[in-house]
Number of protein chains: 2
Amino acid sequence: MTEQPQRRTTRQRTAIREFLSGAGDFRTAQQIHEQLRAGGDPIGLATVYRTLQTMAEAGDVDMVRTADGESAYRRCTTSGHHHHLVCRSCGRTEEIMAKVVEAWAATIAAEHGFTNVTHDVELYGLCASCGARTVT
Amino acid sequence: MTEQPQRRTTRQRTAIREFLSGAGDFRTAQQIHEQLRAGGDPIGLATVYRTLQTMAEAGDVDMVRTADGESAYRRCTTSGHHHHLVCRSCGRTEEIMAKVVEAWAATIAAEHGFTNVTHDVELYGLCASCGARTVT
DNA sequence: GTCTTCATGAGAATGATTATCGATCACAAT
DNA sequence: ATTGTGATCGATAATCATTCTCATGAAGAC
Ligand SMILES: [Zn+2]
Ligand SMILES: [Zn+2]
Ligand SMILES: [Zn+2]
Ligand SMILES: [Zn+2]
């Protein structure tokens, strides 16, 4: 068996978890670091990166890549596998379940003889309120 | 109207285009730079980055993000909108058309009042030959 | 309280991508 | 063929997110 290193509850880890629970949208490590500090929570940047990575691997948070390649994290309410519909303007995020897509992915994989297939599926657009205030 | 700067045909741009036409899979700017030079084609790294970006914006090449966040480019044979099924091991890439997914994305967007929605859909797995030589 | 081990964080290191900016080159017009 | 002009090139410096280092601090078990 692979010995999993024991995991401790520290002030920093709690702070990050709570911060993400409060924020509804995706945040980058840099943002989280800055905002936690601004809120009077002393924390190191390296710690933020480490913790987010660990949480992501454990499935406690979801990760996406922003348009410019940064990693952004979010604490989702849906426990299982799901996808996101993100507002390009305000960051508002909806969690999406997609049986159709899951089935499609499996079919395509089989058709091409691929195994062990995972997928990356995210939707980006303008939410109702942001779309409304945009000039056509 | 927005005046588009006129585009010139240079040795470097041709080299990159031909290189990508020859390679069937996704390559990063760094890889392309290195391999072109190794092949006796003097070219600057900045030029490679610039050219790839321009080509991607013009739709001449497709771009994806590798697992570690680098941008990789590929010259696809399919002209219109499509997705990819990429082998995690050897990089072999299949182009995929997915009416189901397009329809699904549109529906989801509408249901949530989102407009101007784009999507990001890629599949990663092990191709037949790579899967075969893997220990179960 | 003591001890063992994991966690932290300041700062250095890494590495991809972008910006600079003078020298070159493509190409249309003469 | 020559020339004029603006696009393009490229060596190198600058940016900037992310990772590494390692001495110090703190959690949890007994
Ligand atoms: Zn919005
Ligand atoms: Zn899915
Ligand atoms: Zn393969
Ligand atoms: Zn599509």
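By convention in this document, chain letters (A, B, ...) are assigned in the order of the sequence lines, proteins followed by strands, and residues within each chain are numbered from 1.
Classification of the B:W104-A:H83 ring pair by plane angle, with boundaries at 30° and 60°, yields perpendicular.
One can place CD1 of B:I32 at 14 Å from C1' of C:dT17, the figure rounded to the nearest angstrom. Between B:Q30 atom CD and D:dG10 atom C1' the separation is 15 Å, expressed in whole Å. Distance A:E34 CD to C:dG9 P: 17 Å, rounded to the nearest Å. Nucleotide D:dA17 holds its P atom 17 Å from the CD atom of B:E70, rounded to whole Å. Rounded to whole Å, atom C1' of D:dG28 lies 13 Å from atom CZ of A:R13. Between the P atom of D:dT21 and the OH atom of A:Y49 lies a distance of 18 Å, rounded to the nearest Å. In this structure, the CG atom of B:D68 is 11 Å from the C1' atom of D:dT18, given to the nearest Å. Whole-Å rounding puts the B:H33 NE2 to D:dG10 C1' distance at 9 Å.
The side chain of B:R8 sits closest to C:dC27 out of C:dA10, C:dC27, D:dC9. The listed nucleotides are D:dG28, D:dG10, D:dT18; the one nearest the side chain of B:R50 is D:dG10. Checking C:dA7, D:dC9, C:dT8 against every side-chain atom of A:R7, the shortest atom distance belongs to C:dA7. Distances from the side chain of B:Q12 to the nucleotides C:dG9, D:dG10, D:dT18 place D:dG10 closest. The side chain of B:Q53 approaches C:dT18 more closely than any other nucleotide in the set C:dT8, C:dT17, C:dT18. Of the listed nucleotides (C:dT17, D:dG10, C:dT8), C:dT8 has the atom at the smallest distance from the side chain of A:T10.
Between B:E95 and B:R74 a salt bridge is recorded (basic side-chain N to carboxylate O distance below 4.0 Å). Note on A:R75 versus A:D60: no salt bridge recorded, every NZ/NE/NH1/NH2 to OD/OE distance being 4.0 Å or above.
An OP1 or OP2 oxygen of D:dG10 is reached within less than 4.0 angstrom by a side-chain nitrogen or oxygen of B:R11. Between B:T9 and C:dA26 there is no side-chain polar atom (N or O) within less than 4.0 angstrom of OP1 or OP2.
Using a 4.0 Å heavy-atom criterion, one finds that A:T28 contacts no nucleic acid atom at all.
Taking the six-membered ring wherever Trp is involved, the centroid distance between the rings of B:H84 and B:F26 falls below 6.0 Å.
Side chains of A:Q31 and A:Y73: no donor on one and acceptor on the other come within 3.5 Å.
Sorted by residue number, the members of residues 39-46 of chain A with any non-hydrogen atom under 4.0 Å from DNA chain C read A:P42, A:I43, A:G44, A:A46.
Clustering ILVMFWY residues whenever any of their side-chain heavy atoms sit less than 4.5 angstrom apart, transitively, puts A:V121 in the very cluster that holds A:I96.
Within a 6.0 Å sphere centred on CD of B:E111, other residues, nucleotides and ligands contribute more than 12 heavy atoms.
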